[in-house]
Amino acid sequence: MPKALPSPQMLSELNPDAIPRHVALIMDGNGRWASERHQPRLFGHKKGVEALKKAINYALKANIPFLSAWAFSTANWKRPKSEVSGLMTILRHTLEKDIDEFHEKGICLRVIGFLNDLDKNLQKIIQNAQERTKNNSALTLIIHFNYDGRKDMVQAVQKLSEKVKSGEILSESITEDMISQNTLMAEFTDPELLIRTSGVVRLSNYMMWQCAFTELVFIEKNWPDFTEEDFHGALLKFQKTARNFGQVST
Ligand code: FPP
């Protein structure tokens, strides 16, 4: 993992009282980055892991407690078989080979998504990595894998309607909080900042419910080129923007 970046000078530009608790990353543009270099798409994803490590490094130094990164959506199964299996291998490598480094840095690793659809062996590897790092508290790294925001909301509605059917709750007593508590992200607070690379300006079904009030920062460069400085720039932008949740700013 790169060291000594961001510089203490860079960090002193931040308001320590306005560090977001949870930052989410849409790591977009790996394929385009690879194509521009006449390389297979998987080459871009591999470089993407390095960029993710830079983001992790920055999050640790800036004292961001939760960092989410979207690594595989349910729609990604439709990609060529070689790319799908390559992304599975990248996750396996990250959880088996990089785990020592993560553990040493005090990172608690979580994988969130529809994990039952993954290979049983990969599910076991995920469980082991989570178990090993569960007591770490420097940073919680949430890797969204086989994740789908709308499917998550459908599942939350199904769980709640079961409770209505059994008489446990009344439909008119359903609250926003109850919906949140039935999503895959139930145990985490909503992201305050989301960064998407590659110049694409949309959420693409990522944490639809959780991003209602999230500050969105779009960066033109492709994900493999993402640096600590880019993260820092997004954080400065976030700190300059008043977040008033529809109320009048004081
Ligand atoms: C979107 O770019 C990116 C992905 C679908 C995969 C992201 C994965 C990584 C960055 C690797 C890190 C993963 C783990 C498990 C640690 P794209 O392929 O859609 O790019 P394009 O829009 O240019 O085609």
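This chain uses plain numbering: 1 for the first residue, then up along the sequence. Indexing begins at 1, ligand by ligand and atom by atom, following the structure's order.
- Contact analysis puts Arg41 in contact with ligand 1, with a non-hydrogen atom separation below 4.0 angstrom.
- Proximity of a side-chain donor or acceptor of Glu192 to a complementary backbone N or O of Arg21 within less than 3.5 Å is detected.
- The shortest N or O to N or O distance between Leu91 and ligand 1 is not under 3.5 Å.
- Ring planes of His22 and Phe66: tilted class, angle from 30 to 60°.
- With ligand atoms numbered from 1 in the order given, ligand 1 contributes 5 (C), 17 (P), 18 (O), 19 (O) to contacts under 4.0 Å with heavy atoms of Arg79.
- A cation-pi arrangement is present between Arg37 and Trp33, with the terminal nitrogen or guanidinium carbon under 6.0 Å from the aromatic centre and inside a 45° cone about the axis.
- Nearest to atom 16 (C) of ligand 1 by heavy-atom distance, out of Ile56, Ile26, Thr94, Thr197, is Thr94.
- A donor-acceptor distance shorter than 3.5 angstrom exists from the side chain of Asn146 to the backbone of Phe114, with no hydrogens or angles considered.
- Checking only distances, Arg32 does come within under 3.5 Å of ligand 1, N or O to N or O.
- Here the side chain of Gln123 pairs a donor or acceptor atom with the backbone of Asn116 at under 3.5 angstrom.
- Atom numbering of ligand 1 starts at 1 in the shown order; those under 4.0 Å from a heavy atom of Asn76 are 5 (C).
- Nearest protein heavy-atom neighbour of atom 6 (C) of ligand 1: Ala71 O, 3.3 Å.
- Under the 4.5 Å side-chain criterion, counting only non-hydrogen atoms from C-beta, Asp148 is not in contact with Gln155.
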